[in-house]
2 protein chains.
Amino acid sequence: MSLSPALITETARSLLIRYGLPDVSMRRLAKELGVAPGALYYHVSSKQVLLTQVAQEILAPLRAEAADARTLMLRLRELMLPLRDSGDLLLLAYALDPRLPPAHVLPAQLRAQGWSEAEASRTTAAVMRFALGAIATEQNQRLLDAEQDTAVQNTADQNPGEAADEDPLAVEAEQIYLHGLEVLLARPSLRA
Amino acid sequence: MSLSPALITETARSLLIRYGLPDVSMRRLAKELGVAPGALYYHVSSKQVLLTQVAQEILAPLRAEAADARTLMLRLRELMLPLRDSGDLLLLAYALDPRLPPAHVLPAQLRAQGWSEAEASRTTAAVMRFALGAIATEQNQRLLDAEQDTAVQNTADQNPGEAADEDPLAVEAEQIYLHGLEVLLARPSLRA
DNA sequence: ACCTGAACACCGTTCAAGT
DNA sequence: ACCTGAACACCGTTCAAGT
């Protein structure tokens with residue numbers, strides 16, 4: 001089988017899922033496809049557009065879902081959180097396309113709930129920015145914790161006193177996310 | 001004068017201000033200091049800790065300011081927005097230290113306004129995530145617009161029909177930021 | 001049309017060896 | 001103690017040349 005834009009983005013996506021964004025390099029991608037690095041540039045104009053394409057594909061399932069704003073925002077977090085370091089990716093894709101799912105349906109949904117057009121579009125932008133910031137923060141915290149864990153591994157082996165707790169940081173992160181959504185998506189009449 | 005952690009972070013900061021984050025590499029930094037790249041690692045353990053140190057220094061002025069939450073968050077945006085691509089930097093520094101200014105004083109301020117401790121800490125986390133997401137988004141949009149501008153330069157020269165407008169995207173971005181702050185920092189009694 | 005080989009101009013980090 | 005030189009293992013991108 002020969003190369004194609006679709007095959008390249010699909011392979012990039014699989015690398016992202018398996019190893020995280022830092023391991024999605026053009027050279028690694030080429031190796032995975034059994035091809036010279038330069039070959040990719042016959043099908044894809046740059047790494048940046050390739051990655052935003054990948055982001056769009058990962059979020060594509062959200063286009064088919066008919067759920068309310070809150071649920072869609074929760075799904076966004078579920079989809080992206082496991083992809084290591086993908087926060088930057090999302091931030092870039094959103095800057096390039098402010099209609100990135102789930103932002104593509106939020107304004108219409110909020111309008112249907114009685115929001116004005118100006119309020120609906122401002123709130124969509126605000127809630128997306130909050131979500132992207134929150135997801136990137138959570139991913140960074142996980143990475144940093146993982147580094148610290150491996151660094152402390154030996155000391156922990158010699159000192160198994162404290163039990164492994166339920167990762168209160170992760171639980172807290174989810175509460176923060178829920179809280180932000182609740183406040184930002186609250187009906188405007190409640191604030192007037 | 002010889003190398004020191006302080007001199008290195010100060011030079012990194014000046015590179016960041018002058019050229020943006022992509023131009024702050026250890027090798028570029030070494031060249032700027034007239035030293036071999038390896039020399040930096042005698043004073044600094046990694047690029048990551050160096051950059052978070054730089055972020056802390058850039059935000060240090062906020063530690064001295066005695067302003068309300070909203071003003072501090074606006075100052076945060078003013079400080080970071082001009083530093084090209086520094087959003088990632090901020091996201092990393094905040095993940096490493098959730099008490100990064102202005103987060104270090106927000107909980108106490110909110111408590112003084114009658115918020116409960118739980119509400120104050122959750123709101124601080126939410127508003128910081130929103131701000132970091134918003135700043136990163138704005139910086140990315142600027143970068144992408146700049147790329148497009150240089151690409152369209154020639155066509156624009158030949159076609160000077162439309163006047164250069166007031167950059168409505170930037171104005172809109174500020175409104176979104178103000179709106180997010182207003183909603184997230186609204187007194188909890190107004191939502192109960 | 002599609003791809004290779006090779007190059008250009010970079011990265012972060014380590015480490016023996018020098019002073 | 002502090003730094004150099006050189007290496008290791010990478011980057012994104014371009015482009016003549018091949019098929």
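Note that the structure is a prediction, hence the values are computed from the model and not measured. To find a chain, count down the sequence lines: A is the first, B the second, and so on, and within it residues start at 1.
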Strictly distance-based, threshold 3.5 Å: is any side-chain N or O of Glu119(B) a donor or acceptor partner for the main-chain N or O of Leu110(B)?
no

Side-chain (Gln139(A)) to main-chain (Asp88(A)) donor-acceptor, under 3.5 angstrom
no

Counting only heavy atoms not in [X] (residues, nucleotides, ligands), do more than 12 fall under 6.0 Å from its [atom1]?
| X | atom1 | result |
| --- | --- | --- |
| Arg28(A) | CZ | yes |
| Arg99(A) | CZ | no |
| Glu78(A) | CD | yes |

Given the C1' atoms of dA9(C) and dC10(D), what is the spacing between them in whole Å?
14 Å

For a quick test of reading the model: is some side-chain N or O of Tyr42(B) closer than 4.0 Å to OP1 or OP2 of dC2(D)?
yes

Phosphate OP1/OP2 of dC3(D) contacted by His43(B) side-chain N/O (<4.0 Å):
yes

Strictly below 4.0 Å, heavy-atom distances to any atom of DNA chain C: list the hits from residues 9-17 of chain A, or just say none.
none

Answer with yes or no whether the hydrophobic clustering places Ile176(A) together with Leu74(A); edges join I, L, V, M, F, W, Y residues whose side-chain heavy atoms lie under 4.5 Å apart.
no

Is it true that Leu51(A) and Leu33(A) fall in one hydrophobic cluster, defined by side-chain heavy atoms closer than 4.5 Å?
yes

Whole angstroms only, please: what is the NZ-C1' distance between Lys31(A) and dT4(C)?
16 Å

Rounded to whole angstrom units, what separation is found between the CG atom of Leu7(B) and the P atom of dC3(D)?
10 Å

So, Asp97(B) and Gln56(B): side-chain donor and acceptor under 3.5 Å apart, yes or no?
yes

For Glu182(B) and Leu178(B), run side-chain contact (heavy atoms from CB on, under 4.5 Å): C-alpha distance rounded to whole Å, both residues' side-chain angles, the deciding distance at 0.1 Å, then the answer.
CA-CA 6 Å; Glu182(B) 193 192 337; Leu178(B) 288 167; over 6 Å; no

When you compare the side chain of Trp115(A) with that of Gln109(A), does any pair of heavy atoms fall below 4.5 Å?
no

For each nucleotide in nucleotides 6-19 of chain C, reading 5' to 3', give B when a protein heavy atom comes within less than 4.0 Å of its base, S when such contact involves only the sugar-phosphate, and - otherwise.
-B---BBBBB----

For DNA chain D, what dot-bracket results from Watson-Crick or G-U pairs at under 3.5 Å, with [ ] for crossers and | for inter-strand partners?
||.|||||...|||||.||

The single option from Leu132(A), Leu62(A), Leu59(A), Thr52(A) passing side chain to side chain contact (heavy atoms under 4.5 Å, CB included) against Leu100(A)
Leu59(A)

